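First comes the structure, then the notes that go with it.
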Amino acid sequence: MSVTFARTDTMPRASMFRGPIVSVLSVAGFLLIWFIAAEIAQSRLLPGPVAVLEYIYKESVHGDLLTQLGITLWRVVASFVVAMAIGSVIGLAMGQMPALNRALDPWLIVLLNLPALVIIILAYVWFGLNEAAAIGAVALNKIPNVVVTLREGARSLDPGLDEMARAYRLSPISKLRNVTLPQLQPYFAAASRTGISLIWKIVLVVELLGRPNGVGFELYLNFQLFNVTAILGYTLAFVIVMLAIEYLLVQPIERHSTRWRNKPV
Amino acid sequence: MTVLMGPSGCGKTTLLRIVAGLDDRFTGDVGIPPGTRIGLMFQEPRLLPWRTVRQNIELVAAPDFSEADLEWLAHAVGIADMLPRYPQELSLGLARRVALARAFATKPDLLLLDEPFVSLDERTADRLRKLLLEVWQARPTTAILVTHNAREAIMLADQLVLLAPRPTHVIAIETIAVPHAERDHNAVEAIHTDLLRRYPGNFSNS
């Protein structure tokens, strides 16, 4: 009896602290700290949030901030798609074929430990300062992580469900869609989650080193001009884009694909 | 319905897996006509947790399995209210019922049941055995059930194959002539006593 009472009492309060309210408060807190720090510093090298937001607005309307964001975003998406496609095929194959795993494992370890900068420089040196080299270099930095994650996924496939699929003579496509991919979903989610953040950081380096446009190029330009407002403006603008992707794309997809999991008896 | 009965480890499950085509590490012949539809119930339910009960059943269903068939089957095994649920919301007993419905949804020519009611409490198991008989008698097919539970075997078998372990061999094939409907508690006990007298090794600890 008392348990029921306690539950009904805490439910509305608990739900108040769920949902978007907490996230909004958290962002507001960050902006406040930034604002106070800028007020105290009173320096050209630490502009406050208002100045940076003004810069973003001005550059979006009159400048080419949106174009540069778009270019960088396209590179992120392209590298992401390439890395996920190649990485998951190799990872799944390695997870299911021990011989292949033994053969490719040394390569994997080398790639995992090769610094991003080395790969980028070599890609530009060998393949020229072009778009394909840039995207290829970023993807190559991400592929080993995808391989490792999906290899783990392939190893964790439930042999019981596999037998069920064979006993009931499911077609390969039906088996992939209904039995295999749902089991790999958490591994795809983990690979994508770490993937997007890693990739966008590397894309900026690639742009800085060898592209005439994009957020990374703009950051480099403004670094030479010591324009911190612009640097923070570009950074913040892209962070907003990434947050939008996270909350409007990644999380809804995840909620949809794991809806079977969070239902209590 | 043929029931294979023997102690744990005598290869009952292996035999069933060979018949189901899940195990090809054997020598010999299994004569199953091509195109035979198989319905299989494992020791665990083995439902897809990310598919609803309805989707789990429809996924393996025969091409001519209709909505009416599904409703009849769901009512027959008592899961009509559970169709939109996910398997994790179900108790083991309910999940077993879904697995049973799934096995029948293929409209099987050959029904294979691998200790389908193991690790359930006796009352639930007994209810499910009766359900199995009801559904099976409405859609009779060749059925092979594997168990080490003597009373379950007696309740369900038309033909009872007694196995001995290591090296596995058939001790005897008993035909149980009493109609299923008349096998109440007393009849089962009577048959059990009779078998215990003739095969003490197989029925002593049950």
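Fair warning: this is a prediction, and the values are worked out from it, not measured in the lab. Basis for what follows: all heavy atoms, side chains included, without hydrogens, waters or symmetry-related copies. A, B, ... follow the sequence lines: proteins, then strands. Residue 1 opens every chain.
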Item to check | Heavy-atom pairs under 4.5 Å with chain A, option from Arg102(B), Glu44(B), Arg37(B), Gln55(B) with the top count | outcome: Arg102(B)
Checklist entry - Which value, rounded to the nearest 0.5 Å, describes the distance between Glu174(B) atom CD and Asp158(B) atom CG? => result 13.5 Å
Next on the checklist: Checking an interface table here. Which of residues 177-197 of chain A come within a heavy-atom distance under 4.5 Å of chain B?
Outcome noted: Arg177(A), Asn178(A), Val179(A), Pro182(A), Gln183(A)
Checklist outcome for this item: Correct closest heavy-atom pair for Val82(A) and Ala139(A) would be CG1-CB, 3.8 Å
Checklist entry - Could you walk me through whether Ile173(B) and Leu160(B) pass the side-chain contact (heavy atoms from CB on, under 4.5 Å) check? => result CA-CA 6 Å; Ile173(B) 301 179; Leu160(B) 181 56; over 6 Å; no
Checklist entry - Looking at Leu47(B), Leu40(B), Thr52(B), Ile38(B), which has the largest count of heavy-atom pairs under 4.5 Å with chain A? => result Leu40(B)
Checklist entry - chain B contacts: which residues in residues 247-254 of chain A have a non-hydrogen atom closer than 4.5 Å to it? => result none
Next on the checklist: Distance alone, cut at 3.5 Å: any donor-acceptor contact between the side chains of Gln159(B) and Thr175(B)?
Outcome noted: no
Item to check | Glu207(A) side chain to Val215(A) backbone, donor-acceptor under 3.5 Å | outcome: yes
Item to check | Step-by-step side-chain contact (heavy atoms from CB on, under 4.5 Å) determination, Arg97(B) to Leu128(B) | outcome: CA-CA 7 Å; Arg97(B) 289 171 190 238; Leu128(B) 285 178; 3.3 Å; yes
Next on the checklist: Measuring from atom CZ of Arg151(B) to atom CD of Glu122(B), what distance do you get when rounded to the nearest 0.5 angstrom?
Outcome noted: 8.5 Å
Item to check | Contacting moiety of Arg85(B), where chain A heavy atoms sit under 4.5 Å | outcome: neither
Item to check | Gap separating the CG atom of Leu110(B) from the OG1 atom of Thr142(B), nearest 0.5 angstrom | outcome: 6.5 Å
Checklist entry - Strictly by modelled atom types, are Thr36(B) and Asp109(B) linked by a side-chain donor-acceptor pair under 3.5 Å? => result no
Checklist outcome for this item: Closest heavy-atom pair, Val188(B) versus Arg183(B), reported as atoms and distance to 0.1 Å, is CG2-O, 4.0 Å
Checklist entry - Can you tell me how far CD1 of Ile57(B) sits from CG of Asp69(B), rounded to the nearest 0.5 angstrom? => result 11.5 Å
Checklist entry - In Å and rounded to the nearest 0.5 Å, what is the CG to CG distance from Leu92(A) to Leu100(A)? => result 11.5 Å
Item to check | Heavy-atom proximity to chain A below 4.5 Å, by part of Leu112(B) | outcome: neither
Checklist entry - When the ring planes of Trp136(B) and His180(B) are compared, do they come out parallel, tilted or perpendicular, using 30° and 60° as the limits? => result perpendicular
Next on the checklist: Working to the nearest 0.5 angstrom, can you tell me the gap between Glu58(B) CD and Phe65(B) CZ?
Outcome noted: 7.5 Å
Checklist entry - Are Arg139(B) and Glu134(B) ion-paired here, with the side-chain N under 4.0 Å from a carboxylate O? => result no
Checklist entry - Does Arg75(A) count as lying over the ring of Trp200(A), i.e. NZ or CZ under 6.0 Å from the six-ring centre, within 45 degrees of the axis? => result no
Checklist entry - How close do Leu83(B) and Leu70(B) get, heavy atom to heavy atom, and via which atoms? => result CD1-CD2, 4.3 Å
Item to check | chain A contact via Arg46(B) - side chain, backbone, both or neither, heavy atoms under 4.5 Å | outcome: both
Checklist entry - If you check every heavy atom in residues 169-176 of chain A against those of chain B, which residues fall under 4.5 Å? => result Arg169(A), Leu170(A), Ser174(A)
Checklist entry - Salt bridge or not for Arg166(A) and Glu163(A), using N-O below 4.0 Å? => result no
Item to check | chain B contact residues among residues 140-149 of chain A, heavy-atom distance under 4.5 Å | outcome: none
Checklist entry - Are Arg102(A) and Asp105(A) within salt-bridge range, i.e. N to O under 4.0 Å? => result no
